[in-house]
Amino acid sequence: MLSSFNTDAINNVDFYKSSFPSRYDGRLSSIIDIRTRDGNLTRRQGSWKIGLTSGSFNIEGPIIKNRMTYTISVRRSWFDLLSIPGIAIYNAAINENKSKIVSRYAFTDFNAKTTYHFNDRSRLHLMVYYGNDFFKGGTKRKHRHDKDLEESSDISTLDWGSFIVSANWNHVYTPQLFGEISMSFSRYNSMLKRKMKYKNTFLNDLISSTTSKIHNRIDDYSLRVNYDWQLTHSHHLNFGVNYTYHVFIPYLTEFIRKVNHNTNTSTTLQYSSHPHEMNLYIDDEWHINRHWAILAGVSLSSWINPGNKDYLKLNPRVSAMYRPIPSLCVKASFTQLSQYNHQLRETALSLPTDMWIPIAGDFKPQKSRKASIGAYYNINNRYMLSMEAYYKRMYNLIDYRDDYYYYPSNTIIYEKLTVGDGKVRGIDMSVRKTFGNITGHISYSMLWNERRFEKKNNGQKFPSAYDNRHKANIVANWRINDRWEINAGWTIMSGNRITLPTKSYNPLPGTNEITGSWENETIDYITSINNYRLPAYHRLDIGANLHVKGVNGKEGVWNFSLYNAYCNMNVIAIRKRMHAPGKGAVYEKLRMIPLIPSVSYTLKF
């Protein structure tokens, strides 16, 4: 519905999925390199936008004309405000003895940047970014019997976001040599809080509450030095060094239990570490002739984690391009990468509470080797055709063991894990039309994504949660005239994979003291991991822009859009509902996000 990034603050984005320059290391997957805008050197300009789902404001201009500039961008969503009337109507229609829902979501982000031009060859950038998302959901229940009142609530809040501040200096030493030095601090933080409260005037005015919090934080202090050296017109080097000091606090828990005036509190720091990561790299790009070009590089990365093993990894990469005719290009590449931290997921959904932990103990750095080959054909600068096949192997992956939930909550996280490997292969195809009033593209991907772990699924291979066998996108943009433009995008993909039990047995019935609902403790029998594929995900988004004259002759733009235009309630998860003893259980498909209309107005000044 909304971009993850504020496009008003972005200058350009580079996306790497196959052949990675050596300056990018420390990750096994694709890379998004985002460069923010500099402010206007000569005049102030900006825009503000107000809409049903969000609002934004952007302004830029000179602080010292032709010397120093600034740019500021702010966004805020209104989903929490929009949901208030609907939730109030829904709750008002429910009998007072039944549960009422609580739901709220909002996000805010802020970008600011100032640039100082010392001269035509040297400039300094200072940048700040802050982004935060907040979700609150749960139920409240009230039951009155004669003069006695029973109240209960179960509310969860999820708060996550990032903060970044950086300083960057660019300098052109000679027409052939360009240098860049940057320092930065970044923090990622998430917090999951659950509060259950129960009050009963019949039971001697009993008031009890349980509050649990789970914190996850990563701080990075980084220094990066990069140089571009143009040896000849067809030959240049890129080299430098990246250093990062990490502070990992992946699992800090707080538990507070109150019964009337008695309070018990406990805090557990699961694990924290302060590793050092460094990457030395060099890339050599050589255009041999009009038909051939080669990019070869290598990175030497090190990982020093006090109290644990240290690692030194050499990762080569090479890609070659052959152009038999000006309109046809064939590329092939091989890339090896290393990663020193791991993402752990406890649920079928990818959530901000998923932990990132550094390697420690007997666990080794993750490693991947990826090979790809592709062909790209330009038809008279009117159509672009591409096809790319790839194969990737991943080693030393980690995940939770099958029996991890039997371990006590204070068990060191690494004792709950197992090591394994993965294999991904597939093919991407696309056709893009780049001329005329109607432009767009059609793309299709087919892939296989497998995993195998020593102490998971009996050591047998199983499909990854992201084993989306088929993916397709169709995007069209129609510029009717100077005032109207229409765009539409349709996407479809095979559903994610989740694990469902084949059988459940040995129910132990009980009643939750807060909600009063039946809860049966069952033992689930699972034949294999990720044995069920969710239904295919698909939706259509439609939008139209109308360009008008705004206040004082400034440009204004009305946007009308429909998210999920035919209101397909896509399934995102499966949940298990228990009935009263003897009536068994039922699995329900959890569907979210219906058709969402939106209108916004943007004024540029």
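Since this is a predicted model, take the numbers as computed values, not measurements.
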- Query: Is it the case that Lys331 places NZ or CZ above or below the six-membered ring of Tyr376, under 6.0 angstrom from the centre and within 45 degrees of the axis?
  - Reply: yes
- Donor-acceptor contact present, side-chain Trp160 to main-chain Asp133, <3.5 Å: no
- Pair Ser301, Ser338: side-chain N/O donor-acceptor within cut-off below 3.5 Å: no
- Query: Do the charged groups of Asp154 and Arg194 touch, with an N to O distance under 4.0 Å?
  - Reply: yes
- Query: Does atom CG of Asp33 have more than 12 heavy-atom neighbours, drawn from other residues, nucleotides or ligands, at distances under 6.0 Å?
  - Reply: yes
- Correct closest heavy-atom pair for Phe453 and Gly420 would be CD2-N, 3.3 Å
- Message: For Pro535 versus Lys589, what's the shortest heavy-atom pair and its separation?
- Response: CG-NZ, 4.0 Å
- Worked check of ring pair (Phe, Tyr, Trp, His ring centres under 6.0 Å) between Tyr16 and Tyr24: CA-CA 10 Å; Tyr16 300 89; Tyr24 302 114; 5.1 Å; yes
- Note on the structure: When Lys197, Arg257, Lys258, Lys195 are each screened for side-chain contact (heavy atoms from CB on, under 4.5 Å) with Thr210, the one that passes is Arg257
- Task: Describe, in one word, how the ring planes of His470 and Tyr444 are oriented to each other, choosing from parallel (under 30°), tilted (30 to 60°) and perpendicular (over 60°).
- Result: parallel
- Task: Taking salt bridge (Lys or Arg N to Asp or Glu O under 4.0 Å) as the test, write out the residues that go with Arg317, two or more places apart.
- Result: none
- Neighbour count above 12 (heavy atom, 6.0 Å) for Asp362 CG: no
- Item | Main-chain N/O of Lys455 paired with Thr418 side-chain donor or acceptor, under 3.5 Å | yes
- Message: Between Asp159 and Lys136 (salt bridge meaning N to carboxylate O under 4.0 Å), is one present in this structure?
- Response: no
- Message: I need the full list of salt bridge (charged side-chain N to carboxylate O under 4.0 Å, His left out) pairs touching residues 75-85, with sequence neighbours left out, sorted by first then second residue.
- Response: Arg75-Asp109, Arg76-Asp80, Asp80-Arg104
- Could Lys370 and Tyr391 be counted as a cation-pi pair, given that NZ or CZ must be under 6.0 Å from the ring centre and within 45° of the axis? no
- Message: Ignoring hydrogens, what is the shortest heavy-atom contact between Gly495 and Arg533? Give both atom names and the distance.
- Response: O-NH1, 3.0 Å
- Message: For Arg27, is there an ion pair with Asp25 - N to carboxylate O distance below 4.0 angstrom?
- Response: no
- Query: Can a cation-pi geometry be assigned to Lys416 and Tyr400, taking NZ or CZ under 6.0 Å from the six-membered ring centre and within 45° of the ring axis?
  - Reply: no
- Using modelled atom types only, decide if a donor and an acceptor are shared between the side chain of Arg451 and the backbone of Phe462 within a distance under 3.5 Å. no
- Closest heavy-atom contact between Ile542 and Ala565? CD1-CB, 4.0 Å
- Query: Using the benzene-type ring in the case of Trp, are the ring centres of His538 and Tyr566 under 6.0 Å apart?
  - Reply: yes
- Which atom of Ile249 lies closest to which atom of Ser272, heavy atoms considered: CG1-CB, 4.4 Å
- Item | His246 and Trp303 aromatic ring geometry - parallel, tilted or perpendicular at 30°/60° bounds | tilted
- Query: Are the charged groups of Asp467 and Arg469 less than 4.0 angstrom apart, N to O?
  - Reply: yes
- Item | Over all atoms of both residues, closest heavy-atom pair of Asp403 and Tyr407 | O-CD1, 3.5 Å
- Message: Just verifying a value: how many Å separate Ile526 CD1 and Asn458 CG, rounded to the nearest 0.5 Å?
- Response: 11.0 Å
- Task: Just do the side chain to side chain donor-acceptor pair (under 3.5 Å) check on Asn315 and Gln336 with the steps written out, would you?
- Result: CA-CA 5 Å; Asn315 293 315; Gln336 179 172 296; 3.1 Å; yes
